[in-house]
Amino acid sequence: MTASISFRGVTKTFPVRGSGGARQRTEFTALDRVDLDVAAGEFVALVGPSGCGKSTLLDLLGGLDTPTAGEILLNAKPVTGPGPDRSTVFQQYALLPWRTAQGNVEFGLESIGLPRRQRAARAREYLGLVGLAGFEERYPHELSGGMKQRVAIARSLAYDPDVLLMDEPFAALDAQTRESLQDELLRIWRRTGKTVLFITHGIEEAVYLGGRVAVLTSRPGRVKEVVPIDLGNRAEDQDLRSSPEFARHRHEIWSLLRDEVSRAQQLEKEAAPV
Amino acid sequence: MSTDLTAPALPADHPPAPAGGPPAADPPPPPPAPPSRRTGRPATLLLTAATKSVAILLLLALWEVAPRAGLVDRTFLPPFSEVARAWWGLLSDGQLASNTQASLTRSLVGFGLAVVIGVPLGLLIGWYRAVADLLSPLLELFRNTAALALLPVFILILGIGETSKISIVLYACVWPILLNTISAVRTVDPTLLRLARSLNLPPLRLFQKVILPASVPAVFTGIRLAGSVSILVLVAAEMVGAKAGLGYLINASQFNFAIPQMYAGIVTISVLGLLFNQLLVALERRFTRWRAPLSA
Ligand SMILES: Nc1ncnc2c1ncn2[C@@H]1O[C@H](COP(=O)(O)OP(=O)(O)OP(=O)(O)O)[C@@H](O)[C@H]1O
Ligand SMILES: [Mg+2]
């Protein structure tokens, strides 16, 4: 099972307090007419300057919020709310502090009505997959940031959705763990054919993982360009990251982003409180 | 005063022997024994115990010496040893036991009722935003009306019997529990709510699996506050019109100029309050073992 995604002119504005005093209400445009099509089974990486609306876009697709204008189609049907066909790895982990790592992974499985015994086994399996075997009984406060993030990833994967929405899931990891989880994610993706929308700040990560990389503009977020990535033959024993194709793609996205990041900084300076 | 003791190391804190079989129920999962980091515990335990008793021993020494040295009038503040002797006397002739029992029954019944009423009501009010908005001005008003100021009203309506005493304790205890529970429900981490929503949790499950366990710590804060309030208010109530109870004992002793007995009653109340609080702290710790330790 897999699903295609289509953003059609998606705009999202938030009501915010205006700069001219607390009373004044203004609209803040986080996303501005975003158009993006993701084919079923595709892996798309999403990059863009901080605050450009990446998490907002994921929220909309997850059904946690509704667009101000435009629509989001999932398998050609408009998204009206959350559903078991999508699963999000939140930027803030969102672990239940009163549940162990195991309990947190099971939490997702409870909601799809898996019998208890299977839940436990599946949770253990996926914790092992993210390298947390032996940490099942730890509470979140006893785990490092990267470990928490991995629990959140295990929870999303174990849930087995058609569409995987990941918001900087590897941000808190060391380089080695990150690379091994990247490979694991790619393996899972190839095996299951899930559709993945993957937000990252890492250009290399985007190039390495994404079949295509969508670059967003700084505020308001718009799709600036979608770059197809072709790294040639993805044989396992090859160091893809040092290939010339990789460098070329990396540079291309880096240039696209550079302009946006500097523009974002400019905007931030202007908007800074007086 | 005695609401928050950062002190670790109650005997009850030791991990219980894992009761046979895995936990059967859903949330909140009875946590298994945490990973071992309890080496050197007895030594630390002894040290903290020593540190804490030093201050109290010093106070008692001062209490003993000051009246004897004539620093204070020993008619009004007899040395601690005399108070201790008076306490022993009260204990032997059964007065202490009967009065303590009377007080404890009243405060525990009032406190228990407050928990039984305050927690569910608070959960309900916190859950329904509209209800909370509607009631909050009223709650603020009542909360800020000192319970003891209403004592005459209670006596007027309910007489001076047990009912009015239990009612005033109940009344005073219900506010901290209610208000803490309401705010607990309303301040649940929004990311957890987002997670629950993304998993399509139906409202009842959301309540049971997220709101309830997330509220436990704040609810306990309210319960602990209510614990000390229950004793405070009761003693005051017993001083007004009662034929038994520690408040009565204190008041009557003062009236009969049995000053050491009066102090014996006061000390008993302090110790009771302390024990009650420690009990609640231990209980709280049992239910929130998943939390990061608060102390340094
Ligand atoms: N609930 C909200 N109310 C008002 N403004 C909001 C709200 N949520 C997000 N925003 C604004 O929308 C913009 C986009 O936020 P979003 O979290 O989507 O950014 P992001 O691209 O994920 O950033 P980062 O890379 O730092 O995570 C930000 O400028 C933020 O201030
Ligand atoms: Mg974000």
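Computation of the quantities below employed the complete heavy-atom set of this structure, encompassing side-chain atoms and omitting hydrogens, waters and symmetry-equivalent molecules. Every chain is numbered from 1, with letters handed out A, B, ... down the list of sequences.
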Engineer: Using heavy atoms and a sub-4.5 Å threshold, report which of residues 186-203 of chain B line up against chain A, by residue number.
Structural biologist: B:Thr191, B:Leu192, B:Arg194, B:Leu195, B:Arg197, B:Ser198, B:Leu199, B:Asn200, B:Leu201
Engineer: Quick one: what part of A:Tyr159 sits under 4.5 Å from any heavy atom of chain B, side chain, backbone, both or neither?
Structural biologist: side chain
Engineer: Which ring pair (Phe, Tyr, Trp, His ring centres under 6.0 Å) pairs, counting each pair once, include a residue from residues 173-212 of chain B, with sequence neighbours left out?
Structural biologist: B:Trp127-B:Phe207, B:Phe142-B:Trp175, B:Tyr171-B:Trp175
Engineer: List in chain and number order the residues that pass side chain to side chain contact (heavy atoms under 4.5 Å, CB included) with A:Leu129, two or more places apart in sequence or in another chain; answer none if no residue qualifies.
Structural biologist: A:Tyr126, A:Glu184, A:Ile188
Engineer: To the nearest 0.5 Å, tell me how far A:Arg99 CZ sits from B:Trp290 CH2.
Structural biologist: 12.5 Å
Engineer: Give a yes or no on this: more than 12 heavy atoms of other residues, nucleotides or ligands lie within 6.0 Å of atom CG of B:Leu141.
Structural biologist: yes
Engineer: Name the region of A:Leu165, side chain, backbone, both or neither, that has any atom closer than 4.5 Å to a heavy atom of chain B.
Structural biologist: neither
Engineer: Between A:Asp59 and chain B, with a heavy-atom cut-off of 4.5 Å, which part of the residue counts as in contact: side chain, backbone, both or neither?
Structural biologist: side chain
Engineer: Any carboxylate oxygen within less than 4.0 angstrom of a Lys/Arg side-chain nitrogen, looking at A:Glu110 and B:Arg205?
Structural biologist: no
Engineer: What residues form a ring pair (Phe, Tyr, Trp, His ring centres under 6.0 Å) with A:Phe198, not counting sequence neighbours?
Structural biologist: A:Phe43, A:Phe170
Engineer: Does a sphere of radius 6.0 Å around CZ in A:Arg8 hold more than 12 heavy atoms from other residues, nucleotides or ligands, not counting ones at 6.0 Å or beyond?
Structural biologist: no
Engineer: Less than 4.5 Å apart, side chain to side chain, heavy atoms only: is that true for A:Phe107 and B:Lys209?
Structural biologist: yes
